[in-house]
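Throughout, protein chains are lettered first and strands after them, A, B, ... in sequence-line order, and every chain is numbered starting at 1. Note: hydrogens, waters and symmetry copies are ignored here, and every other heavy atom, side chains too, is used. Here the structure is a predicted model, which is why all the values come from computation and not from measurement.
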Amino acid sequence: KQEVTQIPAALSVPEGENLVLNCSFTDSAIYNLQWFRQDPGKGLTSLLLIQSSQREQTSGRLNASLDKSSGRSTLYIAASQPGDSATYLCAVLESGGGADGLTFGKGTHLIIQP
Amino acid sequence: EAEVAQSPRYKITEKSQAVAFWCDPISGHATLYWYRQILGQGPELLVQFQDESVVDDSQLPKDRFSAERLKGVDSTLKIQPAELGDSAMYLCASSPDQGDTQYFGPGTRLTVL
């Protein structure tokens, strides 16, 4: 059974710092990997999706990398801002077709101090 | 920009009562998912529909939960009877087809007293 782990569970940094969030998964047979953002009491907003054949994706100040063979992904946030404060969730979609519910980690709770 | 709609946003009920949640996916999206998120955890899939057919309901507690998507558009998730452990956020997501990016609605926060 696929398991997704996110480290650290919580992170607090001053505004302006660059930071890295980590995600690992146990079964490398994935179709894609997504990073989501979740604000308190709200739904999920998709940030980046990396297909299994890709190594990285970039959107603005966000960069996500994927090392499928080692079962790891990182989300890099450049020049952090207080508005980046949220919970960041990593999720994998396993290969095989048919049922394709995402398997999520527990998230990293990020606080950017003004 | 099209969004996934869910209602109600909040629901408080007593245990043993019945509750129902509604989801309207993005127009044209064939695949619809219901997830449950317990506080402090990541979402877990309950059921997946492709059009009106169930693709995966292996994690749906079928003794008390039911889900339907009769016309392959909007969907309803029902719990009867509700238990204290059902308190969670219920999230609906849709995607154009299997394997595509999933777009999430705002969720329904259920509290069972």
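Residue contact with chain A, scored on non-hydrogen atoms closer than 4.5 Å, involves the side chain of Tyr35(B) exclusively. Using a 4.5 Å cut-off between heavy atoms, Gln51(A) makes no contact with chain B at all. For Gln59(B), no part lies near chain A; criterion is any non-hydrogen pair under 4.5 Å. Both the backbone and the side chain of Leu44(A) come within contact range of chain B, with heavy atoms under 4.5 Å apart.
Here the CZ-CG distance, from Phe104(A) to Leu45(B), works out to 9.5 Å after rounding to the nearest 0.5 Å.
Transitive grouping of hydrophobic side chains (ILVMFWY, heavy atoms separated by less than 4.5 Å) brings Leu46(B) and Leu84(B) into a common cluster. With hydrophobic clusters built from ILVMFWY side chains whose heavy atoms lie under 4.5 angstrom apart, Leu60(B) shares a cluster with Ile79(B). In terms of hydrophobic clustering, with Ile, Leu, Val, Met, Phe, Trp and Tyr side chains grouped at heavy-atom distances under 4.5 Å, Leu48(A) and Val4(A) are assigned to a common cluster. The hydrophobic clustering, which links ILVMFWY residues whose side-chain heavy atoms are closer than 4.5 Å, places Val92(A) and Leu47(A) together.
The local environment of NZ in Lys71(B) is sparse, with at most 12 non-hydrogen atoms from other residues, nucleotides or ligands closer than 6.0 Å. Residue-environment remark: CD (Gln80(B)) stays at or below the threshold of 12 foreign heavy atoms within 6.0 Å. Heavy atoms from other residues, nucleotides or ligands lying under 6.0 Å from CD of Glu3(A) number 12 at most.
Across all their heavy atoms, Gln34(A) and Gln102(B) have their closest contact at OE1-N, 3.8 Å. Considering all non-hydrogen atoms of both residues, Leu91(B) and Gly43(A) come closest at CD2-CA, 4.0 Å. When all heavy atoms of Leu89(A) and Pro43(B) are compared, the pair lying nearest together is CD1-CD, 4.3 Å. Closest heavy-atom contact between Arg9(B) and Lys42(A): NH2-CD, 4.2 Å.
Your options are Asn32(A), Leu102(A), Thr45(A), Thr103(A), and the one with the most heavy-atom pairs under 4.5 Å with chain B is Leu102(A).
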